[in-house]
Amino acid sequence: MDVQWGERSMVDVDGLGVHVERAGPTPADGPAVVGLHGFASGTFTWAGVAPAWASRWPVVAWDRPPFGRSERPVVHRGLDDPYGESAVLRQAEVVIQSTVPTHRVVLVGHSAGTVVATALTAARSVDVAGVVLIAPALDGAPPDLVRRLAALPGASVIGSSALRLAVRGAAPALRRMGRHRTPLLDATAAETARTLRRPGTAEGLWHLTATWTPPPPLESLEPLGVPTMVIGGSDDRISSPASTRVVAEQLDAELHVLDGVGHAAHEQDPAAVGELVSAFVARLDR
């Protein structure tokens, strides 16, 4: 199954090549839909929903390094950490300004992408009309053992090598979690495994683990200041229905929990998620 849904290009962000996929009317009025993928994913995660959205609005998504087809910068710590939050937000701002410069945007984040969506909204650096959080992982964390190992001297070389072997098998398995097995889910799992083999992925992943900062508790979340919708799955084993409800309550968000769906609702039930997001964007458009 083909997981390409739009025109692909590379956008230069301060010398880093970021892979972007875009579809939809040009020029167009109204908002643009911006997809922010989760861990070990990429623009391909939106293949089941982007075509429907693009029939009405511009749709854009990109691969956050170290995933997908984007370049993998050399890891280093400090204020100019290429994988730090400021770098991630800078990538988002440049891509949005390059692809949909005249539009307000509706941010649609999945899993770890919901962290980017909320941070980008809080930064006020782009004109955000609304936010959709799918399987929000706002309290996510690496496994405790991995975090302990990351703190040991010289752990980066060993850890990167271990991740290079482990993540390739684990990521497709994680993406298949849930009751609904679909051709789209199998196709995105295969694309995940392929892109994880790119040089620099394991090093980037280990760096993200070693520099991870515990997030504040979900109970400290506050409304984002824009219309917000949360979509979860009743069978989600990563972002539990209970935590998803807490996120929705704290953000004063509209909540939808889809029955029999796991962590990748937009891949397992793209029709339902596509319609929910379309209705949300249409209300903002009016």
Side-chain angles (χ1 to χ4, degrees), residues 33-42 44-50 52-53 61 64 106-122 128 130-142 170-182 184-185 188-189 192 215-284:
V33 180
V34 174
L36 302 163
H37 68 75
F39 175 85
S41 189
F44 52 84
T45 194
W46 308 111
V49 289
W53 299 340
R64 174 186 171 183
V106 178
L107 303 177
V108 182
H110 170 239
S111 191
T114 63
V115 178
V116 182
T118 55
L120 189 60
T121 304
V128 178
V131 177
V132 178
L133 307 177
I134 303 173
L138 300 179
D139 60 345
L174 287 172
R175 293 174 67 77
R176 293 189 178 104
M177 290 178 74
R179 293 178 182 174
H180 292 187
R181 287 293 304 279
T182 66
L184 175 59
L185 207 65
T188 56
T192 296
L218 294 180
E219 289 74 15
S220 69
L221 292 174
E222 297 182 354
L224 300 175
V226 295
T228 306
M229 180 166 69
V230 174
I231 301 174
S234 65
D235 292 349
D236 193 338
R237 303 173 191 175
I238 299 173
S239 300
S240 70
S243 68
T244 298
R245 289 189 181 91
V246 171
V247 170
E249 290 171 0
Q250 292 297 119
L251 298 182
D252 193 22
E254 174 184 343
L255 173 63
H256 300 272
V257 178
L258 303 182
D259 186 43
V261 173
H263 192 60
H266 56 302
E267 296 181 3
Q268 294 169 316
D269 196 346
V273 173
E275 290 174 6
L276 285 172
V277 175
S278 291
F280 180 79
V281 179
R283 291 197 297 272
L284 298 177

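This chain uses plain numbering: 1 for the first residue, then up along the sequence. The figures that follow rest on heavy atoms only: side chains count, while hydrogens, waters and symmetry mates do not.
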Undergrad: How many angstroms lie between atom CG of Leu221 and atom CG of Leu251, to the nearest 0.5 angstrom?
TA: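 So the gap between those two atoms works out to 5.0 Å.
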Undergrad: Please name the pair of heavy atoms, one in Ala112 and one in Ala137, separated by the smallest distance, quoted to 0.1 Å.
TA: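 Where Ala112 meets Ala137 most closely, the heavy atoms are N-CB, 4.1 Å.
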Undergrad: How long is the span from the CD atom in Gln250 to the CD atom in Glu219, to the nearest 0.5 Å?
TA: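 So the CD of Gln250 and the CD of Glu219 are separated by 6.0 Å.
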Undergrad: What's the shortest heavy-atom distance between Thr121 and Val226, and which atoms?
TA: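 For Thr121 and Val226, the tightest heavy-atom pair comes out as CG2-CG2, 4.1 Å.
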Undergrad: Between Pro241 and Ser234, which heavy-atom pair has the shortest distance, and what is it?
TA: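 Here Pro241 and Ser234 meet closest at CG-O, 3.6 Å.
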Undergrad: If you define the side chain from C-beta out and look only at heavy atoms, does anything of Val277 sit under 4.5 Å from Val49?
TA: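 Side-chain contact under 4.5 Å: no.
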Undergrad: Within the 4.5 Å heavy-atom criterion, are Val273 and Leu258 side-chain neighbours or not?
TA: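 Yes, side chains in contact.
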Undergrad: Kindly compute the distance separating CD (Gln268) from OG1 (Thr188), expressed to the nearest 0.5 Å.
TA: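 Atom-to-atom, Gln268:CD and Thr188:OG1 are 9.0 Å apart.
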Undergrad: So which heavy atom on Ala117 is nearest to which on Leu107, and how close?
TA: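 Looks like O-CD1, 3.6 Å.
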Undergrad: Begin from the C-alpha positions of Val34 and Val106 and carry the test side-chain contact (heavy atoms from CB on, under 4.5 Å) through to its verdict.
TA: CA-CA 6 Å; Val34 174; Val106 178; over 6 Å; no
Undergrad: Between Thr182 and Glu267, do the side chains contain a donor N or O and an acceptor N or O under 3.5 Å apart?
TA: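 On atom types as modelled, these side chains do not qualify, holding no pair under 3.5 Å.
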Undergrad: Does Pro136 offer a backbone N or O that forms a donor-acceptor pair with the side chain of Thr114 under 3.5 Å?
TA: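 Side chain of Thr114 to backbone of Pro136: no pair is present.
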Undergrad: Report yes or no: does His110 contribute a side-chain atom to a donor-acceptor pair with the main-chain N or O of His263 at less than 3.5 Å?
TA: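 Such a contact is found between His110 side chain and His263 backbone.
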Undergrad: For residues Leu133 and Thr118, determine if any side-chain heavy atom of one lies less than 4.5 Å from a side-chain heavy atom of the other.
TA: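 In short, these two side chains touch, coming nearer than 4.5 Å.
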Undergrad: If you measure from CE on Met229 to CZ on Arg283, what distance do you get to the nearest 0.5 Å?
TA: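 With rounding to 0.5 Å, CE (Met229) is 7.0 Å from CZ (Arg283).
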Undergrad: Check whether any side-chain N or O of Thr244 sits under 3.5 Å from a backbone N or O of Ser240 as a donor-acceptor pair, and report yes or no.
TA: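 Yes, because the side chain of Thr244 sits within donor-acceptor range (under 3.5 Å) of the backbone of Ser240.
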Undergrad: Which heavy atom in Ala248 sits nearest to a heavy atom in Leu255, and how many Å separate them?
TA: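 Heavy atoms only, the tightest pair is CB-CB, 3.9 Å.
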Undergrad: OG/Ser220 to CG/Leu138 distance, rounded to the nearest 0.5 angstrom?
TA: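 Rounded to the nearest 0.5 Å, the OG-CG separation comes to 10.0 Å.
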Undergrad: Over all heavy atoms of both residues, which pair between Gly48 and Pro270 is shortest? Give the atoms and the distance, please.
TA: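 Result for this residue pair: O-CB, 3.5 Å.
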Undergrad: Answer yes or no: is there a donor N or O on one side and an acceptor on the other, between the side chain of Ser278 and the main chain of Gly274, under 3.5 Å?
TA: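 Here the side-chain-to-backbone pair exists.
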Undergrad: Would you please classify the geometry between the Trp46 ring and the Trp53 ring as parallel, tilted or perpendicular, with 30° and 60° separating the classes?
TA: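 Rings of Trp53 and Trp46: tilted, 30 to 60°.
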Undergrad: To the closest 0.5 Å, what do you measure between CZ (Arg64) and CG (Leu36)?
TA: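 Here the interatomic distance stands at 9.5 Å.
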